[in-house]
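What follows is a single structure, written as structure tokens, with notes after it.
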There are 2 protein chains.
Amino acid sequence: MSETTRGPKAGKTVTLREVSEAAGLGMSTVSRVLRNHGSFSAETRARVIQVVDELGYVPNRVAGALASAGSNLVGIVIPSLHNIVFPDLLSGAGRSLDPLGYQSVIGVTDYDLGREEVLIQSMLAWRPAAFLVVGLEHTEKTRSMLVGSGVRVAELLDTDGEGIDLVVGFSQHKAGAASARHLLEKGYRRIGYIGPAFDADSRSAKRYEGFRTVLSQSGIALADMELIAGTSSTEAGRAALERLLARGKKLDAVYFSNDDFAMGGLFHCIVSGISVPSQLAIMGFNGLDIGRFAPQPLTTVMTPRAEVGEIAASLILEGGPPTVVEVAFELIAGATS
Amino acid sequence: MSETTRGPKAGKTVTLREVSEAAGLGMSTVSRVLRNHGSFSAETRARVIQVVDELGYVPNRVAGALASAGSNLVGIVIPSLHNIVFPDLLSGAGRSLDPLGYQSVIGVTDYDLGREEVLIQSMLAWRPAAFLVVGLEHTEKTRSMLVGSGVRVAELLDTDGEGIDLVVGFSQHKAGAASARHLLEKGYRRIGYIGPAFDADSRSAKRYEGFRTVLSQSGIALADMELIAGTSSTEAGRAALERLLARGKKLDAVYFSNDDFAMGGLFHCIVSGISVPSQLAIMGFNGLDIGRFAPQPLTTVMTPRAEVGEIAASLILEGGPPTVVEVAFELIAGATS
DNA sequence: CACTAAAATGGCAGCGCTGCCAAATACAGC
DNA sequence: GCTGTATTTGGCAGCGCTGCCATTTTAGTG
């Protein structure tokens, strides 16, 4: 930590003024070259680039953002990192953000809307260019901060409800409904459900609603359900199915709120000698790679999370009008139903 | 986008000056209250909080950071989001960062050191409080920027080499070596390897080196290997094992560079009727939940990535001296070896 | 009750950059 | 060569906040 000659001009940070002095040019000229904005001669450009390189100048965007009242930061708020959906979403968003030089500031709420509020408030303090948030459910204060800030907002992965500005995703309700129709078509009638606590994950709750609605329409009631507290995991899904089956409701199918749980359920069946799907059908949600390439591919719904991230990020930065963009999900009939 | 009365004082952003005027106090006093720094009376505090609330004031950290030459941003640069290791790392880092009010600016390199350089340079422009980067390998320019910037840096998940400042992780070489010893102890002799291209992922390459070194010491050569281009996935692992076995080298064990690949390999065996481990042993790396709770638990090495993230973030913010912190990995003998 | 130490507050320069405008220079056409 | 227009450049205010210091207020003491 006591380098003296490491890197060009180590220790003291180089400023625009120093660059301009060393180059014998005005600050504004240097600034224009660096931002490639406004006009300047080719020689000036070369001179600036050379000096910048010599001095190892790194522009201070903090000052830049303050002066120009705008940053290249995009705030992204997601519920979790333990569910592959959200890393995939980030990844997709990155595909749009990176080429344009935007940077992601990421916050994780743990499915807590209060925490979301706090995160958004503190991100707002950086005056980001835009916000990407998950879902349409927010606290009243979050909503008003977002609206009042004037920052563009994209709400992702859910189109069942009122959005603030841009909404990109699919109907969770319809996804649940499609899953129910699939199981009904396949002839299952004594169906159970396993998912996270409803108050935690509203998208999962909406899928459940869609699922149950379709069952009702066919005069069928959900036979049983088991709710899971905590993170999505194989382990939790496996244990939950065991508990569910132990109640002896003679189920012929179980709908899992996501593939992590579903894989756990499938594993429980394998271990317990329950034949899938002849004794019990299993259906998941999300279309995880591991489920799709398992020996017995999981019946699931492939969700377009990376596309949602990519589309949302690009639309929000393009500055178009508030819209709702539906991105299709796809039911994948595997070998577990 | 044309709200007029949404939120308190929508449209125009409220500044510190306005708050101070509304409260009948000086700007510095309000600032002190807001940062809970310096001294002020209880009444003043109450007054400020009330006015802030009424006006919906959100401090502008851009200005704050410029004035105080320091931000609450932490730059985190990871190679990928498709390998669970990195989301877990972020998650761990968040456990340390969040309570202290730090925010993560995240960049993904796709295992490209050139891209890492670009990302770090542009993050440096925000004058972050610290950097968390993965691995010890960087371009010369990245290194000198990092050193020259004076920002604290933690290099993660690898301790085999020279660090810049703080290093938190474990020896990838030793992890590979431990894996080799495990397979040798179990009596396997014709061992194959499946992993990503060596130039892409240096940590994976180091594990491979450690693995091969131990084999050599026992006079055993690696029987065969198959390298994979692209993302870690079940699909890729499954296909790679198929290709590897097709070459007819009569392997009795395969060491996979990570659990995603290994699960794919395991699936290939199940589908092809290859009995595991009697005909072929399979070993992975990372200790994924899904492998550990599979009917036939995967032999793997559990890596402490979340702890690494957490420890690194807390140490780097505490401001202690440069150190190397070793966090233990654990070999988990499953049922596939 | 004057007198000092401590607590609370206000004023103001300046962080490093950008936006605006004016000045200087280059390039036309006649 | 000279005026008119386009292109390059420089100067400077100010973005909103913090750090420092001076000032005022309050509490404490003999």
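Just so it is clear: chains get the letters A, B, ... in the order the sequence lines come, proteins before strands, and each one is counted from 1.
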Quiz item: How far apart are the C-alpha atoms of A:Arg203 and A:Asp158, what are their side-chain angles, what is the distance that settles it, and do they pass the salt bridge (charged side-chain N to carboxylate O under 4.0 Å, His left out) test?
Solution: CA-CA 7 Å; A:Arg203 283 162 301 291; A:Asp158 187 1; 5.3 Å; no

Exercise. Look at the side-chain N and O atoms of A:Thr44 and state whether any lies under 4.0 Å from the OP1 or OP2 oxygen of D:dT9.
Key: yes

Quiz item: With respect to the phosphate group of C:dC17, does any side-chain polar atom (N or O) of A:Ser31 fall under 4.0 Å of OP1 or OP2?
Solution: no

Exercise. Could you walk me through whether A:Arg17 and A:Glu21 pass the salt bridge (charged side-chain N to carboxylate O under 4.0 Å, His left out) test, one step at a time?
Key: CA-CA 6 Å; A:Arg17 151 159 282 117; A:Glu21 281 166 2; 3.7 Å; yes

Can you say whether a donor on the side chain of [X] sits under 3.5 Å from an acceptor on the base of [N], or the other way round?
{"X": "B:Arg61", "N": "D:dG16", "value": "no"}
{"X": "A:Ser28", "N": "D:dG10", "value": "yes"}
{"X": "B:Ser20", "N": "C:dG10", "value": "no"}

Quiz item: Counting any heavy atom closer than 4.0 Å, what does B:Ser39 reach on the DNA or RNA strands: base, sugar-phosphate only, or nothing?
Solution: base

Exercise. Tell me what A:Gly70 touches on the nucleic acid: a base, only sugar-phosphate, or nothing, going by heavy atoms under 4.0 Å.
Key: nothing

Taking atom [atom2] of [N] as reference, at what distance in whole Å does atom [atom1] of [X] sit?
{"X": "A:Arg32", "N": "D:dG11", "atom1": "CZ", "atom2": "P", "result": "11 Å"}
{"X": "B:Asn36", "N": "C:dA8", "atom1": "CG", "atom2": "P", "result": "12 Å"}
{"X": "A:Leu66", "N": "C:dG14", "atom1": "CG", "atom2": "P", "result": "17 Å"}
{"X": "A:Trp126", "N": "D:dC17", "atom1": "CH2", "atom2": "P", "result": "13 Å"}
{"X": "A:Met27", "N": "D:dT8", "atom1": "CE", "atom2": "C1'", "result": "18 Å"}
{"X": "B:Glu43", "N": "C:dA8", "atom1": "CD", "atom2": "C1'", "result": "11 Å"}
{"X": "A:Leu16", "N": "C:dG14", "atom1": "CG", "atom2": "C1'", "result": "16 Å"}
{"X": "A:Glu18", "N": "C:dG16", "atom1": "CD", "atom2": "P", "result": "9 Å"}

Among the nucleotides [options], which one has an atom lying closest to any side-chain atom of [X]?
{"X": "B:Thr29", "options": "D:dG10, C:dG10, C:dC17", "answer": "C:dG10"}
{"X": "A:Arg35", "options": "D:dG16, C:dT18, C:dC17", "answer": "C:dT18"}
{"X": "A:Ser68", "options": "D:dT18, C:dT18, C:dG10", "answer": "C:dT18"}

Practice problem: Any chance you could lay out the side-chain contact (heavy atoms from CB on, under 4.5 Å) test for A:Arg127 and B:Arg61, step after step, and finish with the verdict? | Solution: CA-CA 8 Å; A:Arg127 307 292 131 109; B:Arg61 269 195 212 273; over 6 Å; no

Quiz prompt | Contact nearer the 5' end of DNA chain C, comparing B:Gly38 with B:Ala63 | solution = B:Gly38

Quiz item: Taking the nucleotide of DNA chain C with the closest heavy atom to each, which residue, B:Leu25 or B:Arg127, is nearer the 5' end?
Solution: B:Leu25

I'd like to know if the side chain of [X] pairs up with that of [Y] as donor and acceptor (distance under 3.5 Å, no hydrogens or angles considered).
{"X": "A:Gln121", "Y": "A:Glu117", "answer": "no"}
{"X": "B:Thr44", "Y": "B:Ser41", "answer": "yes"}
{"X": "A:Thr142", "Y": "A:Thr139", "answer": "yes"}

Self-check item: Upstream residue (5' side of DNA chain D) when B:Arg17 and A:Phe40 are each assigned their closest nucleotide
Solution: A:Phe40

